[in-house]
S.K.: 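My questions all concern the structure below.
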Amino acid sequence: TRGSLEPLSYGERLRILPEGYATNEAKLYYTKTKLIQRDECTINGKTFMVMDIDDWTINNSRLSHYEVVLMAKEPSQ
């Protein structure tokens, strides 16, 4: 999937991770690809898990996309 990867600022957007999950790295990912929670994707050799998805479709415009919160997958997960 192609998209734009941005750092997630916890001051701007606090996310509570599900019980049993921990991460030192979370990212915002903007993409046209529809992902679902718990999907995994590899970006630059690092594996991330999809934690949250917001559909940013605006009146069926060509600029529709998804804002996805990704959590770096730790080796113990």
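For clarity, every value in this text was computed on a predicted model and none was experimentally measured.
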S.K.: Hey, what's the ring geometry for W56 with H65, parallel, tilted or perpendicular (30° and 60° as the breaks)?
M.R.: tilted

S.K.: Please give me the minimum heavy-atom distance between T31 and L35, naming the atom from each residue.
M.R.: CG2-CD1, 4.4 Å

S.K.: Taking only residues two or more places apart in sequence or in another chain, which ones pass side-chain hydrogen bond (donor to acceptor under 3.5 Å, both in side chains) with E6?
M.R.: S4

S.K.: Which residues satisfy the side-chain hydrogen bond (donor to acceptor under 3.5 Å, both in side chains) test with T42, sequence neighbours excluded?
M.R.: none

S.K.: Rounded at 0.5 Å granularity, tell me how far CE in M71 sits from CZ in R38.
M.R.: 7.5 Å

S.K.: Treating Q37 as the side-chain partner and M51 as the backbone partner, does any N or O pair qualify as donor plus acceptor under 3.5 Å?
M.R.: yes

S.K.: Identify, with sequence neighbours excluded, every residue that meets side chain to side chain contact (heavy atoms under 4.5 Å, CB included) alongside K34.
M.R.: Y66

S.K.: By side-chain hydrogen bond (donor to acceptor under 3.5 Å, both in side chains), which residues pair with D55, not counting sequence neighbours?
M.R.: T57

S.K.: Looking at A72 and K46, what are the two nearest heavy atoms and their distance?
M.R.: CB-CE, 3.8 Å

S.K.: Are L28 and V68 side-chain neighbours, meaning at least one heavy-atom pair lies under 4.5 Å?
M.R.: no

S.K.: CG/D54 to OH/Y30 distance, rounded to the nearest 0.5 angstrom?
M.R.: 9.0 Å

